[in-house]
Amino acid sequence: MGVGEPDGMAYPGVVNALSEQAAMPENRGYSDNGLPEFKEAVAQYMARVYGVDLDPASEITHAVGAKNALAFLPTCFINPGDAVITTAPGYPVLGTHCRWYGGDVYTLPLLEENAYLPDLSSLTDEQLAKAKILLFNYPNNPTGAVATPEFFEEVVAFAKQHKLLVVQDAAYAALVFEGQPLSFLSIPGAKEVGVEIHSMSKAFNMTGWRLAWICGNELAVRAFADTKDNFDSGQFKAIQMASTYALQHPEITEEIADKYNRRLAMLADALSTMGFEAKKPAASFFLYVRAPRGVVGGQRFDTGEDFSQFLIREKLICAVPWDDAGAYIRFSVTFQAASLEEEKDIVREIGARLSDVPFEF
Ligand SMILES: Cc1ncc(COP(=O)(O)O)c(C=O)c1O
């Protein structure tokens with residue numbers, strides 16, 4: 001299991017659906033741009049969970065994971081000299097592919113004082129003239145921050161004004177702990193300027209199954225589908241059908257979200273006791289905390305990287321460093337634990353391993 005990857009717990013109904021569907025000869029062939037059954041299930045799910053109406057035939061297409069969707073999008077839109085605007089810290093895949101096509105990547109820092117929302121007004125006219133894609137990811141990896149409807153409204157107006165395609169990476173969208181999950185596409189006008197990418201990986205614990213979808217603006221979805229069709233031949237139909245079953249069972253996501261919420265609360269408490277400024281996020285499974293400056297009378301941590309090295313080498317605790325906007329590390333509560341007691345034991349163990357270190361903040 002990778003750091004930050006869901007804990008692999010499988011839901012029996014989904015596994016049974018996969019097993020049945022895998023045995024069917026009609027599911028053996030290429031699926032190219034996806035099964036109508038899956039798109040229909042996505043449309044119903046988007047309406048039920050996010051209040052967003054989508055035409056399954058023209059406004060939804062599947063992808064072999066959100067990562068692939070992010071990787072393929074620059075192929076559709078980026079020529080040498082174009083640019084992508086993205087946030088830092090952030091998931092790097094779309095920006096990486098943009099560079100490979102000769103484009104630039106402009107980053108907007110995500111700062112605690114702005115509730116980890118970017119300041120669009122900091123972009124220059126020159127940057128805006130070159131930019132074609134505005135990429136967001138809310139709920140955000142690694143900060144765990146959620147967007148607000150007001151921020152998304154600002155984004156819609158900004159994208160219209162500067163002729164940008166908004167790509168909202170909603171990989172964690174359903175894993176919220178307070179209130180309803182928010183889709184960018186629920187904002188009036190959003191479909192005119194953007195697409196949203198959703199994934200089965202986090203909200204249904206189906207990381208390795210590799211299924212996601214892109215939805216929203218019809219032209220952008222079509223451009224994506226035409227491109228994707230030339231890269232892959234679609235996800236195994238049985239996985240799409242099993243995911244159709246999963247999408248009809250949102251209680252799976254509720255259970256997963258409850259688990260992360262509970263674990264994040266325990267971890268935030270444990271870290272706070274040691275002096276960290278650890279606030280449970282409103283979504284995701286990440287706890288993003290500022291690295292200490294060092295150990296009293298001992299080692300200094302100039303970066304999140306320094307601190308993460310200390311954690312792994314001295315304490316055998318694995319966390320991911322982020323140094324794009326200050327020295328931070330990201331804990332993840334995706335560890336494997338079979339019971340509530342085991343969850344408590346793991347968090348207690350993290351506390352015990354750090355309790356003898358006088359951190360300086
Ligand atoms: C922000 C973000 N987007 C996309 C992905 C990839 O999701 P998928 O498993 O659907 O490829 C991840 C996975 O870690 C992620 O953190």
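As the structure lists them, so they are numbered: ligands from 1, and atoms in each ligand from 1.
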*Asks:* Check this for me: does any side-chain nitrogen of one of E126 and K130 sit under 4.0 Å from a carboxylate oxygen of the other?
*Replies:*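 Salt bridge flag = no for K130 with E126.
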
*Asks:* Look at atom 13 (C) of ligand 1 and find which of R210, K202, M200, K67 reaches it with the closest heavy atom.
*Replies:* K202

*Asks:* Would you say N114's side chain and Y116's backbone share a donor-acceptor pair under 3.5 angstrom?
*Replies:* no

*Asks:* Under 4.0 Å from a heavy atom of N137: which atoms of ligand 1 are those, numbered in the order shown and with their elements?
*Replies:* 1 (C)

*Asks:* Of A71, G65, S201, which has the heavy atom at the shortest distance from atom 9 (O) of ligand 1?
*Replies:*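 Result: the heavy atom closest to atom 9 (O) of ligand 1 is in S201.
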
*Asks:* R330 vs N141, test: side-chain hydrogen bond (donor to acceptor under 3.5 Å, both in side chains). Steps then yes/no.
*Replies:* CA-CA 9 Å; R330 187 198 73 185; N141 173 11; 2.8 Å; yes

*Asks:* Any salt bridge between K228 and D232, counting N to O under 4.0 Å?
*Replies:*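 Here K228 pairs with D232 in a salt bridge, since their nearest N and O are under 4.0 Å apart.
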
*Asks:* Is L70 in polar range of ligand 1, meaning some N or O pair under 3.5 Å apart?
*Replies:* no

*Asks:* Less than 3.5 Å between some nitrogen or oxygen of S199 and one of ligand 1, yes or no?
*Replies:* yes

*Asks:* Is D324 close to T107 at the side-chain level, that is, under 4.5 Å between some pair of heavy atoms?
*Replies:* no

